[in-house]
Chemist: 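One structure coming up, written as C-alpha cells, with questions to follow.
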Protein chains: 2
Amino acid sequence: MASVNDRYGHAAPEPLYAAIKKYVLDGIARGDRRPGDRIESEAELIKKFGVSRMTAHRALRELQNSGVLTRLPGVGTFVADPSAKGHIIEIRNIADEIRARGHQHASLVVKNVAEKANRKTAPLLGVAVGTPIFHSMIVHSEAGVPIQLEERFVLGSAAPGYDEVDFTRTTPNEFLTRAAPLERVDHIVRAVMPSTDAMELLKIKADEPCLLLIRQTWSQSRLVSYARLTHPSSRYEFEDSFTV
Amino acid sequence: MASVNDRYGHAAPEPLYAAIKKYVLDGIARGDRRPGDRIESEAELIKKFGVSRMTAHRALRELQNSGVLTRLPGVGTFVADPSAKGHIIEIRNIADEIRARGHQHASLVVKNVAEKANRKTAPLLGVAVGTPIFHSMIVHSEAGVPIQLEERFVLGSAAPGYDEVDFTRTTPNEFLTRAAPLERVDHIVRAVMPSTDAMELLKIKADEPCLLLIRQTWSQSRLVSYARLTHPSSRYEFEDSFTV
DNA sequence: AGATGCCAACTGTCTATACATGTCAATATA
DNA sequence: TATATTGACATGTATAGACAGTTGGCATCT
C-alpha cells in the first residue's frame, strides 16, 4: 500500500489524520458546522479521504479529547457544546478593553524596530539566530495611569511593515490579526517582580508584584508573535466568569 | 485473536492502552521514574504487556500529548520535565491535576471548622454576620513541594458535614461538586506578595510573589463557596491554549 | 397496541504488518 | 586522520481486518 510520502513526492507531508482534523476544524471555524451538528461518521470520512478506519478514528478521537467533538457509540459524532469553554483571557485588544470601561486609552511607543533574532530572542519565536524580526515595546495607559507594558517580538516574514506602523493610533494586536489571521493562542500567567524597564515605564516601586501574561500567537502553523504583557498588580487583574 | 474482554470475562475491562499509561504514570508518581529518565521503548512494552505495537504506541503518544513524556525518534522516550502548570479554565481538582502530571499529591489540613460569619468573612459569601459557615485551610503539595494554599469559606447550609470530611483523602472541590452541583464560577487572578500564613505554610520567602486565584462558585443561585488559592510564582503558573 | 427481538449503524479497542524517518555508533573508505 | 557509509534501534504514520458494546428503529409476534 502507498505510504504517505509517495503521495507527495519529496515534499514535507502533512499526516492524513492531521488533514482530517483540519478539515473538521475548518468547518467549525467557518460556522458551517455548529454546536450539536453531526459530523461525518468514520465510514463517511474513509470514503471521502480514502484513508483507513484507524486514521479517521484517530482524527476524531483526538478532536474529542481536546473537547471539540462529542462522540456516542451507536449514534454518531457531534460538534461539542462550547459552553464550558470560558476562556479567562480573551484575545481582546487592551485599547478596546479600556474604552469599554469608559476611559481614555493612550499608548507610549518606547521602541519599534526591525532587528535580527539573537541568542535570547530566537528561542522565543522558535527561529534561527539571525532571522529578521520586529521588536516593539509599548506602554498602555488608562486614564493617564500606565497599566500594561507590552514587549513584543514578531516574525518578520509574517507582518511586513510592522516597524512602520503608528502604534499610537492602532495596537500591535489589531495590526497582527489583520496581517496574520489568528489560528492558535498560548497563554502563560505568572506573578513576577518588575524588571527595571517595567519599574520605570509603569512608574511603580520595586516591591510591587506584577501579573505577567505571556502570549504566543500562531498563524498558518507558524509561531508569529511572542508578547510579554506586564501589569502592576495594584492596577490590573484578570477576571473570568462562566456558567455551566 | 483474543479480544480484550475475552481476557477478563464479563468484568468491566480496562483498555490495554490505559493500563500501560497507568503503569507508566504510577512509576513516575512513586518517584521511581524521574524527569529525564528513560521509559521502556515500544518494543519493550510489547514484550512486557504482550500487546501490539499500535497499542503501546498509543499509550506513549497520549502521555506525550498530555506533556508527561518527551519522545525522540531514534533515541527513545523520556519523562518530561514538569513545570507546574494550571489550566485555569477547567475547574479541576488540584489533586487530579498533579496526578495527571505523574506526581504525588499530598494535603495538609491546617484548619477545618464550622464557625459563624463575621464582619470580614460575611461579605465574601454575601451573607449576614452570624450565618453558619465552614472555614478550611489546606496546603496542597506536589511531589513534596507545597504549591497551593487553599483557604475556603463555604456556606453552611449548602454543604452539611463539610467540617467532618477527611481532606487528606479527598479535596474540598470534589466534595462540593457532589454536595452542590456547580452552576457558575467567577475567577479573579492577581499577583500578590504572600501573607504571613502563606509564607509559613508554603515555605517561601517574604519577597516571592504569588499568583492568587480567587474562585467563587455558585449553586442553585446561591454563592456557595469563596476560595483564595495562593501559589508561589516559582512553582506554579497558569497555562491556557486554544485554537480558533 | 404493546412488548419483544432483531438488525443496521456507529464508535471503541486491538492485532499484525509495512514503510518512513531520525539518531547514533561502528565500520569502511579516501 | 578525517569523512562517508552502513546498520541497529527508535519513533511516526498508515493499512486492513477483526471483535465488542451501544443505540435506535423496524419488523414481528402476541
Side-chain angles (χ1 to χ4, degrees), chain A residues 1-24 36-80 221, chain B residues 1-24 33 36-80:
Chain A
M1 187 56 49
S3 80
V4 188
N5 292 335
D6 292 345
R7 289 192 183 77
Y8 302 94
H10 298 298
E14 182 187 42
L16 296 177
Y17 73 86
I20 298 177
K21 285 175 72 172
K22 189 177 287 184
Y23 162 77
V24 172
D37 281 3
R38 175 174 191 148
I39 294 288
E40 288 95 325
S41 72
E42 296 180 359
E44 288 165 326
L45 288 175
I46 289 167
K47 275 187 206 158
K48 184 175 293 195
F49 286 87
V51 298
S52 76
R53 196 181 149 217
M54 281 301 289
T55 301
H57 180 71
R58 175 172 176 183
L60 296 182
R61 189 183 65 219
E62 292 190 354
L63 288 175
Q64 177 185 32
N65 289 341
S66 66
V68 176
L69 300 180
T70 300
R71 313 194 74 195
L72 253 155
V75 183
T77 301
F78 306 87
V79 178
S221 304
Chain B
M1 188 55 50
S3 81
V4 189
N5 292 334
D6 293 344
R7 289 191 183 79
Y8 303 95
H10 298 300
E14 183 187 42
L16 296 177
Y17 72 86
I20 297 177
K21 284 175 74 173
K22 189 177 289 182
Y23 161 77
V24 173
R33 307 163 187 275
D37 281 2
R38 177 175 188 146
I39 294 288
E40 288 94 325
S41 73
E42 296 180 0
E44 288 165 327
L45 289 174
I46 288 167
K47 274 188 207 159
K48 184 174 293 195
F49 285 88
V51 299
S52 76
R53 194 181 150 219
M54 282 303 288
T55 302
H57 180 71
R58 176 173 174 185
L60 296 183
R61 189 182 65 218
E62 292 190 355
L63 288 176
Q64 177 185 33
N65 289 342
S66 66
V68 176
L69 300 180
T70 299
R71 313 193 73 195
L72 255 158
V75 183
T77 301
F78 306 87
V79 178

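Labels below follow one simple rule: chain letters A, B, ... track the order of the sequence lines, proteins then strands, and each chain is numbered from 1.
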Chemist: Over how many whole Å does the gap from A:Phe49 atom CZ to D:dA16 atom C1' extend?
Modeler: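 The answer, rounded to whole Å, is 20 Å.
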Chemist: Do the charged groups of B:Glu42 and B:Arg71 touch, with an N to O distance under 4.0 Å?
Modeler: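 Looking at B:Glu42 and B:Arg71, the cut-off is met.
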Chemist: Measuring only between side-chain heavy atoms, which start at C-beta, is B:Glu40 closer than 4.5 Å to B:Phe49?
Modeler: no
Chemist: Please report, rounded to the nearest Å, how far the P atom of C:dT11 is from the CZ atom of A:Arg38.
Modeler: 7 Å
Chemist: With a 4.5 Å cut-off on side-chain heavy atoms, are B:Met54 and B:Arg58 touching?
Modeler: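 SC-SC contact between B:Arg58 and B:Met54 ruled out.
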Chemist: Please tell me which of the listed nucleotides, D:dT23, D:dT15, D:dT11, lies nearest to the side chain of A:Val75?
Modeler: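 Nearest listed nucleotide: D:dT23.
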Chemist: Quick one: B:Leu69 CG to D:dT11 P, roughly how many Å, whole number?
Modeler: 11 Å
Chemist: Any non-hydrogen side-chain atom of A:Thr77 less than 4.5 Å from a side-chain atom of A:Val24?
Modeler: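 With C-beta onward as the side chain, the pair stays apart.
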Chemist: In whole Å, I'd like the distance from the CG atom of B:Leu45 to the P atom of D:dA10.
Modeler: 11 Å
Chemist: Looking only at the side chain of B:Tyr17 (C-beta and beyond, no hydrogens), which of the listed nucleotides D:dT11, C:dT13, C:dT15 gets closest?
Modeler: C:dT13
Chemist: Check each residue of residues 53-64 of chain B for a non-hydrogen atom within less than 4.0 Å of any atom in DNA chain C, then write out the ones that pass by number, or none.
Modeler: B:Arg53, B:Met54, B:Thr55, B:Arg58
Chemist: So, is B:Thr77 close to the D:dT11 phosphate, meaning a side-chain N or O under 4.0 Å from OP1 or OP2?
Modeler: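 Result: yes.
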Chemist: How do A:Ser52 and A:Gly74 order along DNA chain D: which one's closest nucleotide is nearer the 5' end?
Modeler: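 Looking at the nearest nucleotide for each, A:Ser52 comes out on the 5' side.
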Chemist: Please give, in whole Å, the distance from C:dA20 C1' to B:Glu42 CD?
Modeler: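 In whole Å, C:dA20 C1' and B:Glu42 CD are 14 Å from each other.
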Chemist: Which atoms form the tightest heavy-atom contact between A:Phe78 and A:Arg38, and what is the distance?
Modeler: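 Distance-wise, the nearest heavy atoms are CD2-CA, 3.7 Å.
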Chemist: Whole angstroms only, please: what is the CZ-P distance between B:Arg71 and C:dT23?
Modeler: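 So the two atoms are 15 Å apart, to the nearest Å.
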Chemist: From the list D:dT11, D:dA14, C:dT13, which nucleotide is the closest neighbour of the side chain of A:Pro15?
Modeler: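 For A:Pro15, the side-chain atoms sit closest to D:dA14.
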Chemist: With rounding to the nearest 0.5 Å, note down the distance linking CD in A:Glu44 to CD1 in A:Ile46.
Modeler: 10.0 Å
Chemist: Could you tell me the separation between the CD1 atom of A:Ile46 and the P atom of C:dT11, rounded to a whole number of Å?
Modeler: 9 Å
Chemist: Give, for atom NZ of A:Lys22 and atom CD1 of A:Ile20, the distance between the pair rounded to the nearest 0.5 Å.
Modeler: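 It comes to 12.5 Å.
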Chemist: Please report the distance, rounded to the nearest Å, between CG in A:Leu72 and C1' in C:dG12.
Modeler: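 My rounded result for the distance is 12 Å.
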